[in-house]
Asks: 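Please read through the structure below; I'll follow up with questions.
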Amino acid sequence: MAEPGIVFWILAVVTVASAVMVVTLKNIFHCALALILCLFSVAGIYILLNAEFLAAAQVLIYVGAVAILMIFAIMLTSNLASKAIRQSNEQVMVGTVVSVLFCGGMLALIYLTDKAIVSEETGVAFWRQVRGTLPADNVASLGGYLMTKFMLPFEVVSVLLLAAMIGAIVLARKEKA
Amino acid sequence: MGLIKKLPYYSEKIPGGAIVLTSLEATLQFAQAKSLWYLLFGTACCAIELMCTGASRYDFDRLGMIFRASPRQSDLILAAGTITKKMAPRLRRLYDQMAEPRYVIAMGGCTVKGGPFYYDSYAVEKGIDHIVPVDIYIPGCPPRPESLMEGCLHLSEKIRRQKLSDWQEK
Amino acid sequence: MLFYLSLAAVLFAVGLFGVLTRRNTIGILMSLELMFNAANINFVAFNKYVWADGLIGQMFAVFIVVVAAAEAVVGLAIVLLLYRNWQGIDTDHVSVMKW
Amino acid sequence: MLSIVKGIVELVRGMTITGKHLGKHAVTLQYPEEKWPMPERSRGIVVLLSDKETGALNCTACMLCMRACPTAAITIDAPRGEDKKRQLKVFQLDVGICCFCGLCEEACNFSAIKLATKYEFSTENKEDLVWDMHKLQEVGRDVPYEARPKKKPAPKPESQSQPPQTVNPVAAPESESSEDEKKEGEA
Amino acid sequence: MTRDQLKDYIGSKYASLMTPLDTGRFDPMFEVKADRLFEVSRALRDDENLKLDFLCNMHATDTRENFEIVYSIASITTKLRLDFKIVMPYQNAEIDSVQEVWPAANWYEREMWELFGINVKNHGNLKRFLLPDDWNQGHPMRKDWDAPDFVRMPEIQ
Amino acid sequence: MSAVRTEEFMVNMGPHHPSTHGVCRLLLTMDGEKVIKIEPYIGYLHRSIEKICENRTYHQCIPILDRFEYVTAMSCNYVFSLAAEKLAQIEVPERAEYLRVIMLELNRIASHLIFFGTTAMDLGALTPFLYALREREYIMDLFEMTCGQRLTYNYIRIGGVSRDIPAEFVPKCREAIKIIDQKVDEYMALLNGNPIWQKRTIGVGYLSPELAVAYGVSGPILRASGVDFDIRRDDPYSIYDRFDFEIPVRPNGDVFDRYMLRLDEIKQSVRIISQALDGLPEGEIKAKVPLKFKPPAGEVYSRIENSRGEMGVYILSDGTEKPVRVKTRGGSYNHLQVLPEFATDILIADLVAIFASFDIIMPEVDR
Amino acid sequence: MTEYLAVLIFIFAGIGIVLFTFLLSRLLRPINPYHEKNINYECAENPIGTSWVKFNNRFYIFALIFVIFDVEVVFLFPWAVVFGQLGLYALVEMVIFIGILFFGIFYAWRKGALKWV
Amino acid sequence: MNLIPIVAVELQPIFAWIYRWLEGLGLQGTLLTVVVYAGLGVMVFGVLAVLALFLVWWERKIAGHMQQRFGPMRNGWHGWYQTMMDGLKLLQKEDVLVDTRDKVVFFWAPVICFVAAFLAYVVMPFGDGLIVADLNVGILYIMAVTTFTVISLLMAGWGSNNKYALLGGMRSAAQVVSYEVPMVASILTVILFTGSLSMVDIVESQSGLVFNWFVFRLPFGPVAFMIYITAATAEANRTPFDIPEAEQELVAGFNVEYSGMKFAMFFLAEFVNMFTVSAIAVTLFFGGWQGWEFIPSWIWFLGKTFMVVLLLMLFRWTYPRLRVDQLMEFAWKILIPIAFVNLIVAGWMKYAGWYW
Ligand code: SF4
Ligand code: SF4
Ligand code: SF4
């Protein structure tokens, strides 16, 4: 497996940097924009991972829909203009510790696993063996999956979406005042 | 950083710089002169003539003039109509808010000198040159659409005549 | 592959940090989205580098995106509800959500 | 459904109307090259008329126009000379104040002031819009005019409440020679 | 009702409230006492035969001796029209608001207050609106008003 | 969602705003897209015309009053002349009356055309605006031919009109009104059936007749609310009683009715003009009015039906050359007053439509 | 994958070009800011308050529904692509899918959520 | 990797030469790709700039003639360089920066707006082989990247700290959330028949005579096209859906505070977007660059696109503007149901084989 190219590094840096911005910036509108950037570069990463359709869907759904919705919601927040507003709560320390620990743990886990679990036959890590080849046409094969193997989840998703929609409408509906 | 301000200085140092400078100057001013987007600022009777000038028979667009509603994007205030003392600060504000280079045409007697309201009026500003620097005065009450167009062409010429530093300082 | 996984881990951690520290409900939701994305990266990376025989991983990712979107919809509807009841959407208002 | 179809039909109809105009020729005249003909009554700029032969001003400094002007745009200074006749010294018109109402033209009994069919007088200086006698004369040099008919419309006779004035207009057309101006030294 | 009939009608019915004037040139003109204004307005509007429900115009005049406030009213249904005026002293001029009768009076009264300095009782919204916000030169429509930058038309001898 | 009340914010609409037709300032209190309060601020065009008129002779007042309502300057000329004639009891010659009616109606058409154009433009349709102005030019030509100016005519004078019409006026006028009559049909075809136009106008901005009368709303707006009142018929002036024309009345009082009513009025005006052209007598065009016109002491309020409702002038004369007081009354003054009544959770786009349908013109308000 | 490189490069190229024009204009334009110029434009009046207020967004509910539909649309793409190969089966499946979601929209309609309030 | 096929047949020799020249410079591999794409990017920008300038001019001419006037006349023949002058002038206009703006957001909004418009041209098939990169998710990609436009408008509205701008930005977002769904639904009817998202595939499946264009070939093709063009008008913010910059309501909407070059970018992006949606319409419904062979394919493409643009212009200069709530209701209550019914019907027809 080739080393990830420069493109990966660009995307990774952008992703992480914007993610950090999402969680730290004071102005929540900026956070939303950073989130958009982050999700966009994640979409780039998907492309590197041969998931073009997923990338496009990611941009379409997140940037085109969820982010707009978030911005709409942000408009409801108070005092956006004032810089002094505290956007984080008292748990900054706890949060930092927890997430740093978590991050370290995960990274350690990944690298340790890489070292530890070595397949007998090839002598490389288990997950360094690629089984099969990715289908050439990303979209079509996803469609195939959806219509056959994943038919049930597919229909369930529609019910889920319906539930979400109805739930949202019920929640957001005009109150009987 | 406003390189253009220093251009005359630099151009002296380079051989042939003067030619480059003049042709650059000419091009830029030509562009300015040919594309005057005016701010829709009509207050009174003259505004109706302004509308007529924009309309089919006279057609401002022919001269490359289109109206913008926002002062940020316009180059020219066509002050059409009476400017009262109450309106004067607003005119000034609009002028201030325009991006430079910016020009002002005073259309009609009212903006030139108060027009028919020069005497006996307690409310009319007697000439908008007290408020904003005016480039062209067009007499008339209201000026005919042709006069207005003539004024605009006059302004075009004036722009083309000026030196770089003129509009940089303005 | 490792890089992708590490990236996902970092992203997840950042999201976790956000969830823990954000005062604003929308901020929490945004951080959640980050975490979802981290998970997605994992799925897709595994799909490519470990089990490339088919697109099961990507399929999962697609479903996760969908669920995340549904979550965002409901979450933001709740935000609206919160707003209506408290005229603000900071978690401070929502004492029940404090732990 | 029907309403949608109807709506679409209406939308298309609107578009055909505007679309049809695309083919029509423009009503525009291209100003600096072509000009709309001005009706001869058109009230453009105010000018002073001068005699066609001698080139002298027709004005007799009777100040009627000044009195009639609703905006006091006209300033006339015509001190009486030693022979009790008014000598036109200053005839100044503030174009920035004038409202182009035409009252001065109507008031003048001597075909001396007129609103000509000229309109291109934009300037860069406000001061240029205060026109003195010479400028007014210059601009009015080629303005065609008819000398006042001997019988004038009704309101004139009352104008100065002075009987001799009704006689004057008769004299006006004859005031071709510059000296004749002196005759009109009234009021 | 013709104009003369209207004059007679009002003369007979509201003789105590309104005195006919002969300065009015066309439509009947009456004078009303300032303290009866509200009463008169209401009566004129509610009178079955008059129904003067439309306030055409209302303004103050400075005649140098006193203020005259003229109400021009008309009726949509009976098509009648008449004017009445109130004469009041120059100092401390004050009238009732007739907004309750004719809501249209609102701005007319405001204008009167602003340009003439006539106080309007019960108006509720006497705010500057025609003159510049920072105007401090008094009431310009008064005849004796003057200001430094006020240029009078030159008198021509 | 209406339970969600968010922060209200104030937006200045005007004095420099494309749809306030000049210099009206509306201070809007908005909640999201909705307007919940409208406060008109006026005076940006207050030119003290009344004060100026007090220092002018009667004849000189007319050019000044041209600027009182420049879109229908003929009406201003006329209403003042009418008042002065009433004061001095001057008989106006027959021909002059006919010419006046022709001019007034032409001017009414011109004004309604501007209304049509600006309304269409405010609702987003740009081309009708230019079409309307194109047709208006025919009328401007007629005016310029007759009195020399396109906008500030100074044509109708005390006792008559200033000049007789030129010879080619009558045929040209006939041609113009014919064209306009056709074009009005075209406008209707262009907009009336258009579903977008209907959506934007029908049912928007209902003004009840009671409210309208109470606020002194007059003219087309009043008639669009179903009140059948027109000064031309109900308080006749000039020679309107000689012509056969209808007063269009519409019942719904919404933007669409106000718009349609004006188009109908154009058609009626065309009728009046063609009758007037047919009956145009020969004769004098001006009664004998001295240059030093001194009406006897007295006072008069004259009113006419302008394209924007009742236009009135009150003159108080003390017998001298100059009036003691000239008070002008324009329809828009009252129309603008009634505007805050509309702030019942309308959208800003509706506000623009309502404002446009009122055809408010600021000099009439500010003077 | 290299085609996708084009996207990345276009992003940078686009940003680069825009920044370049900004730079060019910066060289050519006058710079003269002062306080009055930098006041927000609000029809020549002083703006009243900031515009960063709690903005009552009546589009909110539309946006909520839109997210759902956007997701649905994303599912429709693969479906449309493979439709030719799968035939009726896929059609029925999709009709059910769309039908279920349309139930949602009709619900919203009925509840008046699609009405502007 | 082979970059040569990406260029037009007509221009192939030139490109091959440049390619070889670059190779001769010692560029290879990824670097070569980068350089080539960057070059293409600049080229596309040039084309777009010219197109936008032309479109602005054309719009002004069309509007003018529609209103029985001329439009620009005085700069060159029928004012052909008028818009260039406008551009040059905007270049030297001062950039007014409002004090209370949100600095970052204010600056990046025009950039993103333009880049979003620009990105769509990665997959735009200008002609036979005249495409930068034929992505396999082609049309979906366009849908995805153009969503950034609305983000940028929101940013502009927010960043200006101006109420009109904010309202404008909000409105544009609202518009997009409503019109994206019907737009995609109508696009899907085409996808059903091509079985591919790639733009080139879509065009190529319409080869042949005029009747192979999807607008005729599809069952209810005109309906799909009508839905598309309605939604596209909304996406491109043109009348009757131009509420984000509704002049008479919001002065200039989201770009009210922008001046100089930043405004120019919005302006440019607006026209580029208009061209984009028209080009997509042509690609999807009118056979893209297909046409008789003796005319170069890109001329076909441009010609057809200009026809669609003309349609949009006719819309703009004829219709009044919808109110914002009506706009939403129209989308949700009329357009979306019709679009989906159309889609299902199209699916049925495809299955039943009722098409040619
Ligand atoms: S100059 Fe004359 S026409 Fe123009 S605004 Fe003043 S008064 Fe009206
Ligand atoms: S009225 Fe005629 S003659 Fe008398 S001063 Fe005036 S211009 Fe001269
Ligand atoms: S045209 Fe009228 S305003 Fe002008 S100078 Fe003559 S009388 Fe005076």
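Below, chain A is the first sequence line, B the second, and so on; all start at residue 1.
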Asks: Working note: Glu120(D) + His154(B), criterion side chain to side chain contact (heavy atoms under 4.5 Å, CB included); need CA distance, chi angles, decisive distance, verdict.
Replies: CA-CA 10 Å; Glu120(D) 294 154 313; His154(B) 192 158; over 6 Å; no
Asks: Could you tell me which of Gly109(B), Pro142(B), Ala55(B), Ser147(B) has the largest number of non-hydrogen atom pairs under 4.5 Å with chain D?
Replies: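 Max contact count across the listed options: Ser147(B).
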Asks: Heavy-atom distance under 4.5 Å to chain D: side chain of Ile136(B), backbone, both or neither?
Replies: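 Both parts, heavy atoms under 4.5 Å.
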Asks: Measure the OG-CD distance between Ser122(D) and Glu157(B) for me, rounded to the nearest 0.5 Å.
Replies: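 If we round to the nearest 0.5 Å, Ser122(D):OG and Glu157(B):CD are 9.0 Å apart.
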Asks: Looking at Arg161(B) and Glu124(D), is there a salt bridge between them, counting it only when a charged N and a carboxylate O are closer than 4.0 Å?
Replies: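 Judged by the 4.0 Å cut-off on N to carboxylate O distance, Glu124(D) and Arg161(B) do form a salt bridge.
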Asks: Which heavy atom in Pro139(B) sits nearest to a heavy atom in Phe121(D), and how many Å separate them?
Replies: CD-O, 3.3 Å
Asks: Any chance you could measure Lys126(D), atom NZ, to Thr111(B), atom OG1, to the nearest 0.5 Å?
Replies: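 One gets 9.5 Å once the value is rounded to the nearest 0.5 Å.
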Asks: For Tyr137(B), is it the side chain, the backbone, both, or neither that has a heavy atom closer than 4.5 Å to a heavy atom of chain D?
Replies: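 Contact with chain D involves both backbone and side-chain atoms of Tyr137(B).
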Asks: Once rounded to the nearest 0.5 Å, what's the spacing between atom NZ of Lys113(B) and atom CG of Leu129(D)?
Replies: 8.5 Å
Asks: Flag the one option from Met149(B), Met107(B), Glu146(B) with the top tally of heavy-atom pairs under 4.5 Å to chain D.
Replies: Glu146(B)
Asks: Once you round to the nearest 0.5 Å, how far does CG of Asp129(B) lie from CG of Asn125(D)?
Replies: 10.5 Å
Asks: Side chain, backbone, both or neither: which part of Arg62(B) has a heavy atom under 4.5 Å from chain D?
Replies: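 For Arg62(B), the side chain is the part near chain D, not the backbone.
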Asks: Quick check on Pro143(B) against chain D: is it the side chain, the backbone, both or neither that has a heavy atom closer than 4.5 Å?
Replies: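 No part of Pro143(B) comes within 4.5 Å of chain D.
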Asks: What part of Cys101(D) lies closer than 4.5 angstrom to a heavy atom of chain B: side chain, backbone, both or neither?
Replies: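 No part of it gets close to chain B.
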Asks: Once you round to the nearest 0.5 Å, how far does CD1 of Ile97(D) lie from OH of Tyr118(B)?
Replies: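 OH of Tyr118(B) is found 5.5 Å from CD1 of Ile97(D).
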